[in-house]
Q: 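I'd like to ask some things about the structure below.
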Amino acid sequence: MNMEQCHRTYFPATFYLLAGIFLLLLTSPVNGWRPWPNQKPNTTDLLYSPSKKYEGSSDLIKLKYHMGPVLTANITVYPIWYGRWGKSQKRIIREFINSISAVDSKPPSVSGWWKTVQSYTDQTGANISGNVHIGAEKNDRSYSHGKSLTRLSIQSVIKSAVTASTTPSLPINSKSGVYLLLTCDDVYVENFCQDVCGFHYFTFPSIVGYTLPYAWVGNSGKLCPSVCAYPFSVPDYMGRGFKAVKSPNNDVGVDGMISVIAHEIAELSTNPLVNAWYAGDDPSFPVEIGDLCEGIYGSGGGGSYTGQMLNGEDGATYNMNGIRRKFLVQWVWNHVVNYCTGPNALDQ
């Protein structure tokens, strides 16, 4: 199967026509999604019945379980820091991942957001694990595969991380491991800023030697913050009426990455081998639980509106709390109630 056909991307879908949206949600890959509101009229309101109360709700969406495995065992995230990362940047990302299991965080919380992901099950009825933690980490400060990566060379970076002769090499964990490749702000990845902000898939044994679920997310801070870090940066074409909001951790690139990381970890957990939870009948073009709620961060969100978010005392915009920090994270699709949900919903 051609890798270009199979990869999962995180980059916002442009809504041109009602029919186009319908096909996107049911059968097509999300291959042109950006995290800013679209420029067209709010066609989501045309697609979704005005009688629907909840964000993104629709009887047209048929998210199905295709009998493949999901991550029901304790989930270990293995970060691969590609390039030169600052200590403060690493701390922001680490805390977000650790916040997924921090059930004592102040609501609305990241752990509350994860409860929707946990509601998904495998064919035995076992739920996705609520235990998500960071495992071993790998630093690649020397840009071992260069500063311009292709989709295939990304897998080579992961191979280097798990087969490194120097310690520490990452352990092989095909059952409950998530290998998270994070590229710093001076690294370009194939189609980055044009078609994708991040994606997930699984490694090929012919390249890596193992089948391992992985995700890539790039720091857009220098290359394209208005593309991948909206609403912390706003494209010029949107006009003076649209102003960027303050990021909660004072790092536009990394704060923008957080929602992409959340999106990919949620989808890797529910569809690690692209044969579990997705909409549509063709696994080459799955629409997953993050794709269905892209651009929605709060109540009322959909189409050209992100939804109602929260403002901190420092003026920063966020929608959920971590262990100590605040984050802005997109909602995910709830298959039980058939709409997008998040911990900051006004009816919580």
Q: Not counting sequence neighbours, which residues clear side chain to side chain donor-acceptor pair (under 3.5 Å) with Asn139? List them please.
A: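 Applying side chain to side chain donor-acceptor pair (under 3.5 Å) to Asn139 gives Lys90.
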Q: Quick one: do the Thr116 and Thr341 side chains pair a donor with an acceptor below 3.5 Å?
A: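 A pair is found: one side chain offers a donor N or O, the other an acceptor, under 3.5 Å apart.
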Q: Salt bridge or not between Asp186 and Lys222? Use side-chain N to carboxylate O under 4.0 Å.
A: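 No, Asp186 and Lys222 are not salt-bridged.
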Q: What I'd like to find out is whether the side chain of Arg151 reaches to under 4.5 Å of the side chain of Val196, using heavy atoms alone.
A: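 Answer yes - side chains close enough.
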Q: For the ring pair (Phe, Tyr, Trp, His ring centres under 6.0 Å) test, which of Tyr201, Phe192, Tyr82 pairs with Trp216?
A: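 Option passing the ring pair (Phe, Tyr, Trp, His ring centres under 6.0 Å) with Trp216: Phe192.
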Q: Would the pair Cys293 and Cys340 meet an SG-SG distance criterion of under 2.5 Å?
A: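 A disulfide is present here, as the SG pair of Cys293 and Cys340 is separated by less than 2.5 Å.
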Q: How about Trp277 and His66: are their ring centres within less than 6.0 Å of each other?
A: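 No, they do not, as the ring centres are separated by 6.0 Å or more.
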Q: Any side-chain heavy atom of Ile92 within less than 4.5 Å of one from Ser88?
A: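 A side-chain contact under 4.5 Å is absent here.
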Q: Kindly indicate whether the side chain of Ser101, heavy atoms from C-beta on, has any atom under 4.5 Å from the side chain of Val132.
A: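 Yes; the side chains approach each other to less than 4.5 Å.
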Q: Has Ser269 got a side-chain atom pairing as donor or acceptor with Ile265's backbone, closer than 3.5 angstrom?
A: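 Confirmed, Ser269 side chain pairs with Ile265 backbone.
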Q: Any side-chain heavy atom of Gln89 sitting closer than 4.5 Å to one from Asp251?
A: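 Yes; the side chains approach each other to less than 4.5 Å.
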Q: Have Asp140 and His145 got a donor and an acceptor in their side chains that come within less than 3.5 Å?
A: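 Result is no, nothing qualifies.
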Q: Can a side-chain donor-acceptor contact be found between Ser111 and Ser109 if the only test is distance below 3.5 angstrom?
A: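 Checked: Ser109/Ser111 side chains pair up, N/O donor to acceptor below 3.5 Å.
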Q: Sort out for me which residue in Phe327, Tyr230, Tyr297 forms a side-chain contact (heavy atoms from CB on, under 4.5 Å) with Ser259.
A: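 Answer after filtering Phe327, Tyr230, Tyr297: Tyr297.
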Q: For Thr150 and Ser153, indicate whether the former's side chain and the latter's backbone hold a donor-acceptor pair under 3.5 Å.
A: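 Judged by distance alone, yes, a pair lies under 3.5 Å.
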Q: Do you see a donor-acceptor pair shorter than 3.5 Å between the side chains of Lys106 and Asn321?
A: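 No, because no side-chain N or O of Lys106 sits under 3.5 Å from a partner of the opposite role on Asn321.
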Q: Is the closest side-chain heavy-atom distance between Val254 and Asn219 below 4.5 Å?
A: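 The answer is yes; the side chains approach within 4.5 Å.
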Q: Taking the ring of His335 and the ring of Tyr120, is the distance between their centroids below 6.0 Å?
A: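 Yes, the ring centres sit under 6.0 Å apart.
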Q: Is the closest side-chain heavy-atom distance between Ile154 and Phe199 below 4.5 Å?
A: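 Ile154 vs Phe199: side chains touch.
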Q: Can Leu182 and Ile261 be said to form a side-chain contact (heavy atoms from CB on, under 4.5 Å), step by step?
A: CA-CA 9 Å; Leu182 304 168; Ile261 291 170; 4.0 Å; yes
Q: Ignoring hydrogens and geometry beyond distance, is a side-chain donor-acceptor pair present between Asn319 and Trp113 at under 3.5 Å?
A: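 No, no side-chain donor-acceptor pair sits under 3.5 Å.
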Q: Once ring pair (Phe, Tyr, Trp, His ring centres under 6.0 Å) is applied, do any residues pair with Tyr318, and if so which ones, sequence neighbours excluded?
A: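 Per chain and number, Tyr318 pairs via ring pair (Phe, Tyr, Trp, His ring centres under 6.0 Å) with no residue.
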Q: Does the side chain of Tyr339 come under 3.5 Å of the side chain of Asn334 through a donor N or O and an acceptor N or O?
A: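 Short answer, no.
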Q: Any side-chain heavy atom of Ile93 within less than 4.5 Å of one from Trp81?
A: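 Yes, at least one pair of side-chain atoms sits under 4.5 Å.
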Q: Side chains of Thr124 and Asp122: donor-acceptor distance under 3.5 Å anywhere?
A: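 Yes, a side-chain donor-acceptor pair sits under 3.5 Å.
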Q: Do Thr270 and Leu71 have side-chain heavy atoms sitting under 4.5 Å apart?
A: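 Side chain of Thr270 against side chain of Leu71, heavy atoms only: no contact under 4.5 Å found.
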Q: Ignoring hydrogens and geometry beyond distance, is a side-chain donor-acceptor pair present between Asn271 and Glu288 at under 3.5 Å?
A: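 Indeed, the side chains of Asn271 and Glu288 share at least one donor-acceptor pair under 3.5 Å.
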Q: Please confirm whether the backbone N or O of Leu346 pairs with a side-chain atom of Ser299, one donor and one acceptor, at under 3.5 Å?
A: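 It does hold such a pair.
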